[in-house]
There are 2 protein chains.
Amino acid sequence: MNKKTIQIKEIFDLYYSAPIEVWDTFAERLKTVTFNKNEEIKFPNTTEKKLYIINKGSAGIFLWKENHPVCIDLCFENDFFGDYLSLLTQKPTPLYTVCFEETEMFYITFSDLIDLYENSKFGAKIGRIAAESLFIHKQSQQIELLTQTAEQRYRYLLSKQPHIIQRVPLKHIASYLGITSESLSRIRKKIVK
Amino acid sequence: MNKKTIQIKEIFDLYYSAPIEVWDTFAERLKTVTFNKNEEIKFPNTTEKKLYIINKGSAGIFLWKENHPVCIDLCFENDFFGDYLSLLTQKPTPLYTVCFEETEMFYITFSDLIDLYENSKFGAKIGRIAAESLFIHKQSQQIELLTQTAEQRYRYLLSKQPHIIQRVPLKHIASYLGITSESLSRIRKKIVK
DNA sequence: TATAAAAATTGACCTATGGTAAGTAATGAA
DNA sequence: TTCATTACTTACCATAGGTCAATTTTTATA
């Protein structure tokens with residue numbers, strides 16, 4: 001059993017247990033790619049052609065708002081990554097994606113994904129589980145924005161990703177939290193005291 | 001072809017075209033239920049057992065924050081409805097659901113849904129499409145919260161649901177927008193001028 | 001239909017966060 | 001290693017939105 005298979009199994013194990021052959025079917029379609037630090041992977045107003053899984057490193061999903069980028073997701077090891085909206089609709093979106101560090105990702109192309117969904121016994125199920133887990137993640141982000149203060153959201157992010165400060169620029173953490181980097185700076189100052 | 005089949009087909013047509021038998025397979029499992037105005041459908045810290053589709057009426061998904069309810073979704077005709085997080089995980093969540101009006105819904109039970117997913121050729125695909133559309137919706141809510149002011153979010157909501165004011169209490173619209181009802185009141189006053 | 005309860009509005013004041021501008025620190029390219 | 005660029009911080013003031021309390025309007029129910 002190769003590394004990819006083990007990893008894919010582990011990622012999905014949280015949601016769905018299946019025979020090892022299922023994960024092999026998925027893993028054997030995955031290719032590997034490495035991106036440089038700060039490399040842009042998908043550009044705004046283009047169509048996403050791949051679904052990624054981060055093996056090592058980190059990356060973000062962004063959109064441009066007036067004169068500054070807004071980060072809508074911070075992704076790390078074992079996270080799904082990419083402009084999922086564009087992937088599903090196969091239409092261009094304003095979203096773009098960037099690596100924060102030198103990052104190794106696995107990916108499956110859209111055409112392979114469709115083939116998997118249509119022709120593998122478990123393919124559609126894997127696709128469903130993936131979409132469901134992405135929904136759950138998005139809903140928790142929405143609930144945080146609706147119910148927590150910026151300081152609470154920052155503290156929670158730190159608790160989930162203690163090393164995020166060393167890995168992701170603060171300006172992107174700030175926009176992800178829905179605040180300016182000046183405000184994040186004030187919050188950090190207050191917390192240190 | 002019965003009304004439910006037609007309706008289900010129309011809901012999914014946006015995302016996925018399939019032979020009519022597929023929709024019949026789904027529709028024949030749907031039951032119909034009517035709720036009274038302000039009736040609570042799912043209570044906090046319980047497990048969701050059904051996935052609903054609203055046929056006529058409106059309803060909201062809530063969570064309790066300190067001393068007031070926060071609305072995380074407003075649902076109308078042809079929307080999926082229910083505590084989808086709890087449905088997927090089959091675990092209790094703090095989310096609860098309430099009708100705003102007398103509302104007729106179709107529903108499929110969790111066990112029927114699993115059976116559909118596992119044993120119908122198109123079942124898993126329908127489940128995937130449903131989860132994907134819910135993800136897209138949640139992501140757009142997150143982006144609105146991160147990039148728009150409360151006034152912009154209110155105007156956008158009105159443009160999408162012009163009759164929402166007559167159908168949903170303003171206090172729930174306010175919490176959905178992430179503001180207090182006092183703030184919504186001031187925004188409305190300003191707009192009328 | 002009368003009455004009580006709930007929802008919505010308003011005003012006064014407050015707080016978290018934004019905007020601007022300047023300074024400092026870190027990073028990356030030559 | 002130097003220099004230019006970018007990231008981060010700080011300070012000051014502005015503002016969107018929050019809090020509390022009072023009032024008006026709407027809704028539900030006896």
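Quick note on labels: first sequence line is chain A, next is B, and so on, each numbered from 1.
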Is a side-chain donor-acceptor pair under 3.5 Å present for E102(B) with N36(B)?
no
Of the listed dT9(D), dT10(D), dT19(D), the closest approach to the T180(B) side chain comes from dT19(D)
Notebook entry, point to check: With sugar-phosphate meaning primed atoms plus P, OP1 and OP2, does E182(B) contact a base, only sugar-phosphate, or nothing at under 4.0 Å between heavy atoms?
Noted result: base
To the nearest angstrom, the CG-P distance between N36(B) and dT29(D) comes to 11 Å
Greater than 12 external heavy atoms within 6.0 Å of K56(A)'s NZ
no
(request) Look at D24(A) together with K4(A) and state whether they make a salt bridge at an N to O cut-off of under 4.0 Å. (result) no
* Are R128(A) and E132(B) within salt-bridge range, i.e. N to O under 4.0 Å? -> no
- Task: Consider only side-chain N and O atoms of N78(B) and E10(B), and report whether a donor and an acceptor are under 3.5 Å apart.
- Result: no
message: Can a side-chain donor-acceptor contact be found between Q161(B) and Y156(B) if the only test is distance below 3.5 angstrom?
response: no
Here the distance between atom C1' of dT5(D) and atom NZ of K171(A), to the nearest Å, is 11 Å
Does K189(A) put a side-chain nitrogen or oxygen below 4.0 Å from OP1 or OP2 of dA11(D)? yes
Quiz item: R186(B) side-chain donor-acceptor pair to dT19(D) base, under 3.5 Å:
yes
Between NZ of K190(A) and P of dA11(D) the distance, given in whole Å, is 16 Å
Taking for G178(B) and for N38(B) the nucleotide of DNA chain D with the nearest heavy atom, the one nearer the 5' end belongs to G178(B)
Assign each of K37(B) and V168(A) the nucleotide of DNA chain D bearing its closest heavy atom; nearer the 5' end lies the nucleotide of V168(A)
Notebook entry, point to check: Salt bridge or not for R167(B) and E77(B), using N-O below 4.0 Å?
Noted result: yes
From CD1 of I187(B) across to C1' of dG18(D) the rounded distance in Å is 12 Å
Whole-Å distance, H68(B) NE2 to dT19(D) P, equals 7 Å
Axis-to-axis angle across the helix from dT1(C)-dA30(D) to dA30(C)-dT1(D), five pairs each end, nearest 10 degrees, ~ 60°
Min and max contacting nt of DNA chain C in 5' to 3' order, chain A heavy atoms within under 4.0 angstrom, are dT17(C) to dG28(C)
When rounded to whole Å, the CD to P distance for the pair E102(B) and dA28(D) reads 13 Å
L146(A) atom CG is separated from dG18(D) atom P, nearest whole Å, by 11 Å
Separation of dG18(D) atom P from Q148(A) atom CD, nearest Å, is 15 Å
